[in-house]
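The next block holds one structure in the form of structure tokens; read it before the comments.
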Amino acid sequence: MTKTMERRGMTRRELLTRSAAVTAALMIGPNLVAGVSGAWAMEVSHVSPQTMATLIQMARDIYPHDHVADDYYAVAVKSYDNADQAAMIEEGIASLNSAAQGLGHGSYLDTGWERDRVDILRAMEASPFFQTIRGGLVTSLYNQKAVWPLFGYEGESYSKGGYIDRGFDDINWI
Amino acid sequence: MAAPFDLNDDTVVVVIGTGAGGGVLSNELAQKGVSVVALEAGGRYLPDDYINDEWESFGQLAWLDKRTTSGDWRVAKDFSGLPAWIVKAVGGTTTHWAGASLRFQAHEFKTKTTYGDVQGANLLDWPIDLAEMEPWYEKAETKLGVTRTGDRAGLPGNNNYKVFEAGAKALGYEQVHTGRMAINSGDYDDRLACQQTGFCFQGCKWGAKWSAAYTDIPRGEATGNLEVREHAHVLKIEHDASGKVTGVLYADKDGNQHLQKARVVCVAGNSIESPRLLLNSASAMFPDGLANSSGQVGRNYMRHMTGSVYAVFDKPVRMWRGTTMAGIVQDEAKYDPSRGFVGGYELETLALGLPFMAAFLDPGGWGREFTTALDSYENMAGLWIVGEDMPQETNRITLNHDAKDQYGLPAPNVHFDDHPNDIAMRKHAYERGMALYDAVGATRTFPTPPYPSTHNLGTNRMSEKARDGVVNRWGQTHDVANLFVSDGSQFTTGAAENPTLTIVALAIRQADRIASELSKGNL
């Protein structure tokens, strides 16, 4: 968990009790979004929790990695919860929801299949909102050091003496 | 340490830029007893300062001043404000370069003669040839400690190389090895052997890779004849009524402007800034910019035909471990128009860390087609394509009067359209690169588009006749006797090879010429 996230130490039951809505994997409370596992929670102060939850789902739908848990996506978009960008985010998420409703879904989060959500995103791919979120994720998701081991990437190596004695040529199948 | 020179000392040679061209030239002149003031726009970073982190290092070293782009090249769409990936620091892009050090082939100095007329291409023979350059190449290889030259051994192959080599040999390629690299395979010239750390592009923390930052620059300073002024960004070159240059105006770290007088000025700011500076130095006497009577300043911008191929396998490769670019196939570098294009290309191993792979594998890409590729990052191998692109008059650096830099000067616009020859060569190279990995069991391959340009060439090109180019066989401008160009912008054509060795060889040769002409009183 990174410093931008809070460990709340709440039980899953406590979180569920406090949450007004539960999506597939996210719980949404009066001022927070949390993982259903109770392992993480994020307070929001400028955008609504519903909006933040939708943004987290949008981030996953743009760069879906099934072995990367929601909290990394939450970290990747948390910085949009600020006074300057809140209106842009609320407006963008509203357009996502209205696109979903136009296809007969209750909201973007209520759109059950990833392919249907991706269709909604494809249709708005050229919009500044989509491009801002996608472009930001390239660094805010993949430049999280905590994410790297999930992809096998080892990061900094100088302090360990490089790989000269640590497998720079250890491939054994070629 | 270097004695500082007075701003009014008009006996000094002023060198603008401290990379492969300017850094080497400054040291070589200082070794010969010539007084040099080198003006470097960036700060000084040494191995202890380099960072094994792609984005953090990029923020530390990259040239990020305002630039704009136009043309049909994909970089203009993907990275519109970042046409080039080069360095603003003492030592210039020799901190970032991969170390590949290849001599040009003989015919690549004579492309007009060899290739004939290629429609839309502004081909021209260099006024020099390989035979003349060979002794300078040898000096450059000795300076840089290039592996597989002299008695220096090759580097060991890393995981990425082993996959590459097996694929290349399966295709029948014969010129396959771990490259001629300015990265020590054993201790050399007071620098350590390569520790296979990766992060060659982020500055070598061991100093195993040659960089002017910790070789030529401090050695030049140690003579007492070289003063390097950091954070000194040159704005304009001044001249007198006779048309000779007299000094340069630069801004210091605080934005205060100073005029350094000079006997000779050498421009080595890389192929975007060097022509931009000449254009920004326009005057009543030179209304189209300094040294631009030919109209060729800024034109014939070349950036090599590039691209990458990444491939995913069913087992781990861990390509990021070890030297980033120690692997090459040279079989396709030959001249063989039966392939449907003139010029040739090299295939060289290349690895990116996860953060840069996400940014560069398929810029703008998203969804599962993109993310399943990154899911297999650990099983990925990669290579880079570097081939000769065609000089075109319309590919050029111009002043963008609608975009200003931090000093209020017009920013450079970089316009580039791919030539049909570039497109045909890239298609061929993608096919061969993908076949190379398919031959050893790749489950998926990715023809990855070009990154922002690291090889920026040709915008002050060398020509026999003054009407065809900007500088003569010595890099001396045709129009202004005491004004030289000392970087890759001199290149008449780009060749298939990574350019740094040739830039260094030309700088050593130019230093010899300038010192000789100074001693004869000709400058």
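The sequence lines fix the lettering, A, B, ..., with proteins before strands; numbering per chain opens at 1. For clarity, every value in this text was computed on a predicted model and none was experimentally measured.
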Out of A:S157, A:G135, A:S159, A:G155, which one racks up the most heavy-atom pairs below 4.5 Å with chain B? A:S157

Hey, which of B:T197, B:V440, B:D375, B:T371 has the most heavy atom pairs under 4.5 Å with chain A? B:T371

Does this structure show an ion pair linking A:E154 with B:R321, if we count only N-O contacts that are shorter than 4.0 Å? yes

Top contributor to chain B interface from A:V147, A:V68, A:L121 [non-hydrogen pairs under 4.5 Å]: A:L121

For chain B, the option from A:F151, A:W148, A:F168 that forms the most heavy-atom pairs under 4.5 Å: A:F168

Check step by step if side chain to side chain contact (heavy atoms under 4.5 Å, CB included) holds for B:T323 and A:Y163. CA-CA 10 Å; B:T323 322; A:Y163 292 101; over 6 Å; no

What one should report as the nearest heavy-atom pair of B:A358 and A:Y142 is CB-CD1, 3.3 Å

Sorted by first residue and then second, give each ring pair (Phe, Tyr, Trp, His ring centres under 6.0 Å) pair with at least one member in residues 96-137 of chain A; sequence neighbours left out. A:F130-B:W366

Between A:Y158 and B:N52, the two heavy atoms sitting closest are N-OD1, 2.9 Å

Atom of B:K162, atom of A:I171 and distance for their closest heavy-atom approach: CD-CG2, 3.6 Å

Count the heavy atoms of every other residue, nucleotide or ligand shown that sit under 6.0 Å from NZ of A:K160, and state whether that count exceeds 12. yes

Quick check on the interface: out of B:C194, B:S376, B:G353, B:A166, who has the most heavy-atom pairs with chain A under 4.5 Å? B:G353

So does A:K145 pair up with B:D53, basic N to acidic O under 4.0 Å? yes

Sort out for me which of A:N172, A:L137, A:D66 touches chain B most, counting heavy-atom pairs under 4.5 Å. A:D66

Option that, when pairs with chain A are counted at under 4.5 Å, heavy atom only, ranks first among B:G167, B:G198, B:P316: B:P316

Bottom line for A:I174: the part with an atom under 4.5 Å from chain B's heavy atoms is side chain

Is it true that B:N159 and A:D169 share a donor-acceptor pair across their side chains at a distance under 3.5 Å? no

To the nearest 0.5 angstrom, please state how far the CD atom of B:E56 sits from the CD atom of A:E156. 11.0 Å

Of the backbone (N, CA, C, O) and the side chain (C-beta and beyond), which part of A:D61 lies under 4.5 Å from a heavy atom of chain B, both, or neither? backbone

Looking only at heavy atoms, what is the nearest atom pair of B:P355 and A:Y153, with distance? CD-CE2, 3.7 Å

Taking atom CD of A:E91 as the centre, does the number of heavy atoms from other residues, nucleotides or ligands within less than 6.0 Å exceed 12? no

Options B:N379, B:V163, B:L354, ranked by heavy-atom pairs under 4.5 Å with chain A, top entry: B:L354

With only heavy atoms counted, which part of B:L374 is less than 4.5 Å from chain A, the side chain, the backbone, both or neither? both

Okay, A:L141 and chain B: the region with an atom under 4.5 Å from a heavy atom over there is neither

Out of A:D165, A:V138, A:N143, which one racks up the most heavy-atom pairs below 4.5 Å with chain B? A:N143

In terms of heavy-atom proximity below 4.5 Å to chain B, should A:R122 be classed as side chain, backbone, both, or neither? both

Which bit of B:F313 comes within less than 4.5 Å of chain A, counting heavy atoms only: side chain, backbone, both or neither? side chain

Hey, which of A:G162, A:P64, A:G152, A:G161 has the most heavy atom pairs under 4.5 Å with chain B? A:P64

